[in-house]
Asker: 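First the structure, which I've put down as structure tokens, then a few questions once you've had a look.
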Number of protein chains: 2
Amino acid sequence: MEKNSPIKICIVDDHRLFLDSLKGLVSSISNFNVIEVFNDGDELVTYLKEGNEAPDIVLLDVKMKRMDGIATCAWVKENYPEIKALALSMEVDEDTVLKMLRAGAKGYLLKDIHPNILEHSINEVHTKGFYYTENITSTLLNSIDGKKSHDGVELKEREIEFLKLACSERTYKEIASEMCLSPRTIDNYREILFQKINCKTRIGLVLYAIKEKIVIL
Amino acid sequence: MEKNSPIKICIVDDHRLFLDSLKGLVSSISNFNVIEVFNDGDELVTYLKEGNEAPDIVLLDVKMKRMDGIATCAWVKENYPEIKALALSMEVDEDTVLKMLRAGAKGYLLKDIHPNILEHSINEVHTKGFYYTENITSTLLNSIDGKKSHDGVELKEREIEFLKLACSERTYKEIASEMCLSPRTIDNYREILFQKINCKTRIGLVLYAIKEKIVIL
DNA sequence: AAATAAAACAGTAAAATACCCCAATTTTTA
DNA sequence: TAAAAATTGGGGTATTTTACTGTTTTATTT
């Protein structure tokens, strides 16, 4: 916990490429020392059981094949309560987040955050004992934040989703239930897209979507 | 393409952390030069449209929020055919793999491969023009064996004429007058084509026509 | 010329689409 | 904190598309 001693870190992730990449990234940050990496939760467990050097912090992938992040986190909390686990996940699933925190995770990060935030959160967890964004969802939404399309037409995520479904023989009613929306809302998406794309029939939507390669046949 | 000049690489992935990690990893490999990274397909498109330095190879995430890998790959193939795209994905989904390859990807890699394989595949794509793992090859073979391009559908001249007009925002009434026919006759053409093509909406006609290149966008 | 096939045309009804009106929430912005 | 914007949802209606039932005309073949 001293200021000068580097923070000892382990990384657990079953995506080999990500694991090695992240190891490089974290290692390159001063004061961070990646002492070991593992492809799966039980490898970490085995490593610790053998009495090897314990890390200060574990970066823990949530979804793993053999022993997942939740189980691993729970085991670490039970057997090495001084080790702080920081969850890394691809997406925000409320239920998973809660389970992970209940299992003792000191934070929950999305894998698409900026490296600076990772650095900051590791430091926060190490010094303060925890780090979590006030609202993971809002952080996610902010990072997603819409930008311009190549022909000046800005399409939102949900609009693209609708557009893709419109390029099928589904009726709007079917699209509505597929998107868990009321047919009226679909009506709005249709009208908004008619306006943005400047067309007046569903055929126009389809032609645009294919032309712009939003859907590939 | 000279032996000594480094391979220029762009990376497109909307998982920021993965993107930056991978950038570090790839950059650290000798002869690889990551000239730019992007969070989304359309950022790459914008970059290229602005006339910036084109890469030799693009590492392309398949699932992205705004402009996904398939769409991006198709655009690159269309506009910068000399750039070779290498798909990166979390999982193998037969349909996705096929679409990606159809869109012009020179290879399809899983994100949990060993970094050495990534290095090897980039080199292969650069020198030989492609790199397929056995996994992908077998997927490809599976799809090929059960495939007949033209399902014996013979369209008459007048039907093709109608089909082309159906791929527009014209109403059937307008198509009728354009073809100098009664709307009722158009009704017949429509029904005959529904039967021949095996679909049940005008959208189906449009999708078929474009797929079979009866109409070119 | 008669038989046959095809192309063109017709009425009706039901479903889907398109186009208006508007409002309750939530989120973002000022 | 209030205003503005975005999201989702609603009612009603006109038009278009789709699904049937057919008949008439035109062209080809025998």
Side-chain angles (χ1 to χ4, degrees), chain A residues 92 94 133-149 152-210 215, chain B residues 65-66 153-210 215:
Chain A
V92 233
E94 199 130 86
T133 52
E134 321 231 332
N135 193 341
I136 290 169
T137 308
S138 83
T139 304
L140 178 66
L141 291 178
N142 281 338
S143 77
I144 286 170
D145 191 22
K147 279 188 187 165
K148 290 160 200 63
S149 161
V153 178
E154 280 184 42
L155 296 188
K156 302 199 165 51
E157 246 186 272
R158 205 78 168 138
E159 290 170 350
I160 288 172
E161 201 181 332
F162 163 73
L163 188 52
K164 284 179 177 175
L165 288 169
C167 295
S168 72
E169 294 202 289
R170 278 170 258 248
T171 65
Y172 287 138
K173 208 176 293 183
E174 289 168 338
I175 291 173
S177 71
E178 197 134 340
M179 289 179 73
C180 298
L181 292 173
S182 147
R184 298 296 173 180
T185 309
I186 290 302
D187 231 42
N188 280 336
Y189 278 111
R190 179 176 48 70
E191 292 218 45
I192 288 167
L193 285 178
F194 279 2
Q195 216 175 337
K196 284 189 178 182
I197 290 169
N198 188 34
C199 62
K200 55 188 209 298
T201 68
R202 182 164 167 181
I203 304 296
L205 296 183
V206 173
L207 296 177
Y208 174 86
I210 294 170
V215 297
Chain B
K65 303 200 175 59
R66 287 165 36 73
V153 177
E154 288 286 326
L155 298 187
K156 300 193 166 56
E157 277 304 307
R158 205 75 170 144
E159 289 169 348
I160 289 172
E161 203 181 331
F162 163 73
L163 189 50
K164 285 180 177 174
L165 289 169
C167 295
S168 73
E169 294 201 292
R170 279 168 258 246
T171 67
Y172 287 137
K173 208 176 292 183
E174 289 168 338
I175 291 173
S177 73
E178 195 132 343
M179 288 178 73
C180 299
L181 291 172
S182 147
R184 306 294 172 180
T185 308
I186 292 301
D187 228 44
N188 277 337
Y189 279 112
R190 181 179 47 72
E191 292 218 46
I192 288 167
L193 285 178
F194 278 4
Q195 218 175 338
K196 283 190 178 182
I197 289 169
N198 189 33
C199 63
K200 55 190 210 297
T201 68
R202 184 166 165 180
I203 304 295
L205 295 183
V206 173
L207 297 177
Y208 175 86
I210 293 169
V215 297

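Sequence lines set the chain letters: A, B, ... in the order given, protein chains first and strands last, and positions in each chain run from 1. Worth knowing before you read on, the calculation uses all heavy atoms, side chains too, and leaves out hydrogens, waters and symmetry mates.
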Asker: What string of B, S and - do you get for nucleotides 9-20 of chain D 5' to 3' if you count protein non-hydrogen atoms under 4.0 Å?
Answerer: BBBB----SBBB

Asker: Could you tell me how far apart A:Glu161 (CD) and D:dT7 (C1') are, to the nearest whole angstrom?
Answerer: 14 Å

Asker: Between A:Phe162 (CZ) and C:dT17 (C1'), how many Å, whole number?
Answerer: 11 Å

Asker: For the helix from C:dA1-D:dT30 to C:dA30-D:dT1, figure out the bend between the end axes, five pairs an end, and round to 10 degrees.
Answerer: 50°

Asker: Checking B:Arg202 now: which residues fulfil side-chain hydrogen bond (donor to acceptor under 3.5 Å, both in side chains) with it, not counting sequence neighbours?
Answerer: none

Asker: Who passes salt bridge (Lys or Arg N to Asp or Glu O under 4.0 Å) against B:Glu178, sequence neighbours left out?
Answerer: B:Arg170

Asker: Return the set of residues passing side-chain contact (heavy atoms from CB on, under 4.5 Å) with B:Ser177 (not counting sequence neighbours), or none when no residue passes.
Answerer: none

Asker: Could you state the atom-to-atom distance from CD of A:Glu157 to P of D:dT7 in whole Å?
Answerer: 11 Å

Asker: Is there a side-chain contact between B:Phe162 and B:Leu205, using heavy atoms and a 4.5 Å cut-off?
Answerer: yes

Asker: Only counting residues at least two apart or in another chain, list the ones meeting salt bridge (Lys or Arg N to Asp or Glu O under 4.0 Å) with A:Lys156.
Answerer: none

Asker: Rounded to the Å, how far apart are B:Arg158 CZ and C:dC9 C1'?
Answerer: 14 Å

Asker: Rounding to an integer number of Å, can you tell me how far A:Ile186 CD1 sits from D:dT7 P?
Answerer: 13 Å

Asker: How long is the line joining CD1 of B:Ile160 and P of C:dA7, in whole Å?
Answerer: 13 Å

Asker: What residues, two or more places apart in sequence or in another chain, satisfy side-chain contact (heavy atoms from CB on, under 4.5 Å) together with B:Ala209?
Answerer: B:Leu163, B:Cys167, B:Ile214, B:Val215

Asker: side-chain contact (heavy atoms from CB on, under 4.5 Å) with B:Arg158: which residues, sequence neighbours excluded?
Answerer: B:Glu161, B:Met179, B:Leu181, B:Tyr189

Asker: Partners of B:Thr201 by side-chain hydrogen bond (donor to acceptor under 3.5 Å, both in side chains), sequence neighbours excluded?
Answerer: A:Glu169

Asker: Output the rounded distance in Å from CD1 (A:Ile192) to P (D:dA5).
Answerer: 14 Å

